[in-house]
Amino acid sequence: MVEKVKFQLEYEIKSSPKILFSFLHEPNALAQWFADDVTYKDGIYEFSWDDEQHAAKLISLKENKLVKYKWLDDEPYHFEMEIVQDELTNDVALAITDFAQVENLNDRKLIWNNQIEYLQSVIGA
């Protein structure tokens with residue numbers, strides 16, 4: 001098995017945590033920005049990109065705060081999206097934790113950058 005390294009990214013999102021949260025776990029909302037198509041059945045999310053499917057199980061969910069998905073075909077790796085709100089300014093950020101092979105790290109970060117940019121346009125942030 002090829003080892004992957006953990007990386008974290010953070011993006012400022014001009015949205016309420018409640019609105020943003022729906023885009024992190026509802027299949028229809030995820031399909032608007034994260035994947036070409038998303039289906040949910042029996043606790044498993046099926047993400048589709050360019051006719052390629054990847055299944056993930058939602059392993060953690062904290063209302064308006066955090067979602068963590070575990071890839072079924074890429075044990076033991078997962079990715080999580082956490083909503084962080086500054087107590088003083090109420091600014092909202094989305095913190096991403098993911099894993100990638102060292103040689104693919106920059107590409108993976110670029111993919112997240114593009115996806116989050118698309119998310120911001122979808123929610124009007």
Heavy atoms only: give me the nearest Ala95-Val84 pair and the separation to one decimal.
CB-CG2, 4.1 Å
CG of Asp36: more than 12 outside heavy atoms within 6.0 angstrom?
yes
With a 4.5 Å heavy-atom cut-off, do Leu66 and Glu80 have their side chains touching?
yes
Quick one: closest heavy-atom pair of Ala35 and Trp49, and the distance?
CA-NE1, 3.4 Å
Using the six-membered ring wherever Trp is involved, compare the ring planes of His78 and Phe99 and label them parallel, tilted or perpendicular (cut-offs 30° and 60°).
perpendicular
Nearest heavy-atom contact between Phe47 and Ala56 is CE1-CB, 3.8 Å
What are the two closest non-hydrogen atoms of Ser22 and Ala29, and how far apart are they?
O-CB, 3.4 Å
Can we say Glu63 and Lys65 salt-bridge, meaning some charged N sits less than 4.0 Å from an Asp/Glu carboxylate O?
no
With a cut-off of 6.0 Å (strictly less than), are more than 12 heavy atoms of other residues, nucleotides or ligands near CG of Asp51?
no
When hydrophobic residues are tied together by side-chain contacts of less than 4.5 Å, even through go-betweens, does Ile59 share a cluster with Phe21?
no
Is Ile96 close to Glu10 at the side-chain level, that is, under 4.5 Å between some pair of heavy atoms?
no
A quick test of your reading: do over 12 heavy atoms of other residues, nucleotides or ligands sit less than 6.0 Å from OH of Tyr118?
no
Where the side chain of Gln85 meets the backbone of Ala93, is there a donor-acceptor pair that is under 3.5 Å apart?
no
Where is the tightest heavy-atom contact between Val92 and Pro17, given as atom of each residue plus distance?
CG2-CD, 3.9 Å
For Tyr45, which of Phe79, Phe34, Tyr69 qualifies under ring pair (Phe, Tyr, Trp, His ring centres under 6.0 Å)?
Tyr69
Taking atom CG of Asn114 and atom CG of Leu119, what is their separation to the nearest 0.5 Å?
12.5 Å
Does atom CD (Glu117) have a neighbourhood of more than 12 heavy atoms from anything else shown, all under 6.0 Å?
no
How many angstroms lie between CG in Asn64 and NZ in Lys62, if you round to the nearest 0.5 Å?
13.0 Å
Ignoring hydrogens and geometry, is there a side-chain-to-backbone donor-acceptor pair from Asn104 to Asp107 under 3.5 Å?
no
Determine whether Leu24 and Leu94 satisfy the following criterion, side-chain contact (heavy atoms from CB on, under 4.5 Å), listing intermediate values before the conclusion.
CA-CA 10 Å; Leu24 306 183; Leu94 182 60; 3.9 Å; yes
Tell me whether Ile44 shares a hydrophobic cluster with Val67, the cluster being built from Ile, Leu, Val, Met, Phe, Trp, Tyr side chains joined at under 4.5 Å.
no
Please check if the number of heavy atoms outside Asn90 that lie under 6.0 Å from its CG is greater than 12.
yes
Check: Glu52 main-chain N/O paired with Asp50 side-chain donor or acceptor under 3.5 Å
no
Any chance you could measure Leu30, atom CG, to Thr39, atom OG1, to the nearest 0.5 Å?
11.0 Å
Would Leu58 end up clustered with Leu72 when hydrophobic side chains under 4.5 Å apart are linked, directly or stepwise?
no
Nearest atoms (heavy-atom pairs only) where Ile123 meets Ser15
CD1-CB, 3.7 Å
So how far is it from Asp86 CG to Glu12 CD, rounded to the nearest 0.5 Å?
10.0 Å
Same apolar cluster: Ile111 and Leu9, side chain cutoff 4.5 Å
no
Would you check if Tyr11 and Asn113 make a side-chain contact, meaning some heavy-atom pair closer than 4.5 Å?
yes
What I want to check is whether the side chains of Gln53 and Ser48 have a donor and an acceptor closer together than 3.5 Å.
yes
Side chains of Lys41 and Glu46: does their closest heavy-atom pair fall under 4.5 Å?
no
Hey, are the side chains of Ile116 and Ile13 touching, using non-hydrogen atoms and a 4.5 Å cut-off?
yes
side-chain hydrogen bond (donor to acceptor under 3.5 Å, both in side chains) test vs Asp98 passes for just one of Arg108, Lys6, Lys109, namely Arg108
dist Glu3:CD -> Gln101:CD (nearest 0.5 Å) comes out at 10.0 Å
If I take atom CD from residue Glu82 and atom OG from residue Ser60, how far apart are they, to the nearest 0.5 angstrom?
9.5 Å
Identify whether the distance between the nearest side-chain nitrogen and carboxylate oxygen of Lys4 and Asp74 falls below 4.0 Å.
yes
Would you kindly confirm whether Leu105 and Trp112 end up in one hydrophobic cluster when ILVMFWY residues are joined by side chain heavy atoms under 4.5 Å apart?
yes
